[in-house]
Each structure stands twice: as structure tokens, then as C-alpha cells.
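Each ligand, and each atom within it, is numbered from 1 in the order the structure gives.
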Amino acid sequence: MEVIIKKNYEAISEEAARVVKERLLEKPDLVLGLATGSTPLGLYKELVRMHREEGLSFKKVRTFNLDEYYGLSPDHPQSYHYFMNANLFSQIDIDLANTHIPDGLAKNVGKYCLEYEEKIEKCGGIDLQILGIGRDGHIGFNEPGSSLASRTRIKTLEEQTVKDNSRFFKSIDEVPRYAITTGVGTVMDSKEIILLASGKNKAGIIAKAIEGPVTSQITASILQVHPQVIAILDEEATSSLKRKDYYKFVEEGVKKFKKHV
Ligand code: F6R
């Protein structure tokens, strides 16, 4: 895992956008895995800026979102459909037919989830997956105890997740208790992954996920065995990492090396 530590939220958003742009220029029909929540907002804002000011095109990009609340319609203001349209899709030149978000109103959920996996496979798999991390270590909505080989399915949300996400709803009772989420196995099949985290309240879980043992109790810890993960984290989110100085030393070395080639 490559650990990149930046000063603050703005800097991690810019760094992540820089990587996305680089991959997009290499492969214009990139298959992007997308996350919602507070963390990737800055990244999406920066991608919108790059589209407007630098002509970065998303015309051929295909996207698959990690998850959606079960029971929310796409036009519900707290649905992840709504979030993606408002914060990214409506502001870039992406073809909406190439975007995929689990359907929160899917009827035959088992069949629907299998089809979602098949669609990812048909596109050739996810080239670059963007991830945030929950305070209980979840990626997507793969709560503690999720199988590390799990695929897209319906999951019950942890109390902590419901509490954390209640900030987006009028009251905690409105927060859905279920979500359709791609699995840990689905995420691990991505060719490359960017893990983003910002702020003090993520410091404890980031230390466990990156430097602790691999365990289904912290599903993000499985990222340690993925060959191509870039963790882009701000100072606050890295305050509990034991090997922080080493990561910074490596990063400096990479910069110097790049200057000479
Ligand atoms: C959202 C998702 C979640 C979030 C996580 C962190 O699509 O998959 O795993 O990334 O809950 O959320 P924030 O960024 O709001 O702290």
C-alpha cells in the first residue's frame, strides 16, 4: 500500500483528482468505482473544475457506485443517486447511460445484485475504485463481520453507521437500516484503489485498517493484501499511524526519484 500524507482535506482531494486525471488520460473509457459521503466531495469538485477549466472529458467513462440505501428512490434527496447527480454527473460531460448505481427500490434483490456484478464484469472490471472509510472500518457498506470474499448484496447497517449518517437526514429515524452494497470481494477485484480519509475522527480506524491485522471486523484492513492501493490521507487522519515518518520518507524518495527519470 502506498501511503500519501497531505496537509489537509483540500490537498488530499487535489491529489486524488490528479491520479484520476492521469488514469483517464491513459484510458478515456476508464471504468471508475465511485463512493459517496463527505470524503469524496472535494475530489468530485476538483474533477468538475478540471472538466471546466482543463477540458478533462468523461464522455467515454463508465462508472459503478459502491452502494445505495435500500428503500430510497433515486429522486430522494438523501439517495446516492441524487448525491451523484448533484455533485458530479450533472456537472461533467458523462453519458448517464454509462453510470450505474444500485437501485434502492430493486424488487428481486438477489437477482438484481447478481446482475450488478455481471454489468461490472461486462465492462471489463473496475479500473480505479474510490473509497472512503466508515468509523467502524467499513468500505462500501461492508460492515464489521462481512465476508472478505463477499459480493454485491443487501446489508444491515451498523448502529454507528446509522448514527454517523443521520447528519444528512432530518432525524435518525429516517436513516435507512439497509443498503445494497458491492462486496469486499467486488472491491478487491478492482485493478487499482484509492482510499481517502480526512479528519481526526478517522485517525483511530485508519491506524487499525493500515497497520493492524487483516480482519473481517475491519473490512478496510483487507486492502493491505491488494497489490495496487494508494491511501491518500490528511495529517489529522494519520495522527495515530505508528509508521508515519516512514511513509513520509518513502514519499520524499519517490518525488526525488521522479525528478531524475
Ligand atoms: C459511501 C460509502 C461509505 C463511506 C463511508 C465514509 O458510498 O461507501 O463507505 O465512504 O461511510 O463516509 P464519509 O465520507 O461521509 O465519512
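Two residues are said to be in side-chain contact when any heavy atoms from C-beta on lie closer than 4.5 Å; H51 and L47 fail this criterion. Residues I230 and I193 have side chains not in contact (no heavy-atom distance under 4.5 Å, counting atoms from C-beta outward).
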message = Please evaluate residues E46 and S13 with respect to the criterion side-chain hydrogen bond (donor to acceptor under 3.5 Å, both in side chains), reporting the C-alpha separation (whole Å), side-chain torsions for both, the decisive distance (0.1 Å), and the verdict.
response = CA-CA 7 Å; E46 180 62 8; S13 302; over 6 Å; no
query = Stepwise, does the side-chain hydrogen bond (donor to acceptor under 3.5 Å, both in side chains) test hold for K244 with T238?
reply = CA-CA 7 Å; K244 193 168 168 175; T238 52; 3.3 Å; yes
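T36 OG1, 3.2 Å is the protein heavy atom nearest to atom 1 (C) of ligand 1. Among protein heavy atoms, the minimum distance from atom 14 (O) of ligand 1 is reached at T39 OG1, 2.4 Å.
Near L66, meaning under 4.0 Å from one of its heavy atoms, ligand 1 places the atoms 8 (O). For ligand 1, the atoms sitting less than 4.0 Å from at least one non-hydrogen atom of G140 are 2 (C), 3 (C), 8 (O), 9 (O), numbered in the order shown with element in parentheses. Proximity to G132 (heavy-atom distance under 4.0 Å) selects the following atoms of ligand 1: 10 (O). Atoms of ligand 1 found under 4.0 Å from any heavy atom of A35 (numbered from 1 in listed order, with element): 7 (O). Under a 4.0 Å criterion applied to the non-hydrogen atoms of H138, ligand 1 contributes the atoms 3 (C), 5 (C), 9 (O), 11 (O).
For D67, every heavy-atom contact with ligand 1 shorter than 4.0 Å involves the side chain, none the backbone. Under 4.0 angstrom from ligand 1, the non-hydrogen atoms of I133 all belong to its backbone.
Polar contact with ligand 1: absent for N165 (N/O pair, distance under 3.5 Å). Not one N or O of Y80 is nearer than 3.5 Å to an N or O of ligand 1, by distance alone.
Ligand 1 has at least one atom lying under 4.0 Å from a heavy atom of R167. Within the 4.0 Å heavy-atom cutoff, K202 counts among the residues contacting ligand 1.
In this pair, F83 and Y44 present their aromatic rings perpendicular. The plane angle is above 60°, beyond the 30 to 60° band.
A donor-acceptor contact closer than 3.5 angstrom is absent between the side chains of Y69 and Y178. No donor-acceptor contact under 3.5 angstrom links the side chains of E236 and S198, judged on distance only. Between the side chains of S38 and R167, at least one donor-acceptor pair of N or O atoms lies under 3.5 Å.
Once rounded to the nearest 0.5 Å, the distance linking NE2 of H100 with OG1 of T182 reads 13.5 Å.
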